Amino acid sequence: MTVQVRALDLETELDLVFDLPDRLHALDPAYVAPLRAIDARRLAPSNPFFKKAEFTLFVAERDGEAVGTISVLKDDGDFEQSDGGRLIW
């Protein structure tokens, strides 16, 4: 039951990022799914934010099933303004 983490292919696997919360919270009657169109727009390469930033999405899988996601973001615009960037959890 090991967990493996791998980078996602944004062109072919982005739906996994949107589907995972729905599956994880399926039994929660108070859960309200985010609007996929808005999230997709935020992650689109055409988003002006990505002129100076880049990111990678990762998925954690156990027995071939997605159990979590995380991203790494490098914002060169923020790096230039903050004397070396910052780490945010």
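When reading the values below, keep in mind they use all heavy atoms of this one structure, side chains included, and skip hydrogens, waters and symmetry mates. Nothing here was measured: the structure is a model prediction, and the numbers come from that model.
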inquiry  = Going by the rule side-chain contact (heavy atoms from CB on, under 4.5 Å), which residues pair with Glu54 if we only count those two or more places apart in sequence or in a different chain?
reply    = Lys74
query = What pair of heavy atoms forms the shortest contact from Tyr31 to Pro21, and how long is it?
reply = OH-CB, 3.4 Å
request  = Look up atom OG1 in Thr56 and atom CG in Leu8, then write down how far apart they are to the nearest 0.5 Å.
outcome  = 9.5 Å
Taking every non-hydrogen atom, the tightest pair across Asp22 and Arg36 = OD2-NH2, 2.9 Å
task = Would you indicate whether the side-chain heavy atoms of Leu73 and Phe49 approach each other to under 4.5 Å?
result = yes
message = Applying side-chain contact (heavy atoms from CB on, under 4.5 Å), can you list everything that pairs with Asp63, at least two apart in sequence or on another chain?
response = Met1
message = Could you go through Phe18 and Leu43, starting from their C-alpha distance and side-chain angles, then the distance that decides it, and tell me whether this counts as side-chain contact (heavy atoms from CB on, under 4.5 Å)?
response = CA-CA 11 Å; Phe18 300 133; Leu43 298 175; 4.2 Å; yes
task = Sequence neighbours left out, what passes salt bridge (charged side-chain N to carboxylate O under 4.0 Å, His left out) with Arg23? Give chain and number order.
result = Glu65
ask   = With Arg42, which residues qualify under salt bridge (charged side-chain N to carboxylate O under 4.0 Å, His left out), at least two apart?
value = Asp39
request  = Among Asp9, Val72, Leu14, Ile70, find the residue that satisfies the side-chain contact (heavy atoms from CB on, under 4.5 Å) test when tested with Leu57.
outcome  = Leu14
ask   = Is the shortest heavy-atom distance from the side chain of Val59 to the side chain of Val5 under 4.5 Å?
value = no
ask   = How does the hydrophobic cluster around Leu20 look, that is, which other residues are in it when side-chain heavy atoms under 4.5 Å mark a link?
value = Leu24
query = Which distance, rounded to the nearest 0.5 Å, do you find between the CG of Asn47 and the CZ of Phe55?
reply = 9.0 Å
Hydrophobic cluster of Val3, others only, ordered by chain and residue number, side-chain cut-off 4.5 Å = none
message = Nearest 0.5 angstrom please: Leu10 CG to Leu16 CG, how far?
response = 11.0 Å
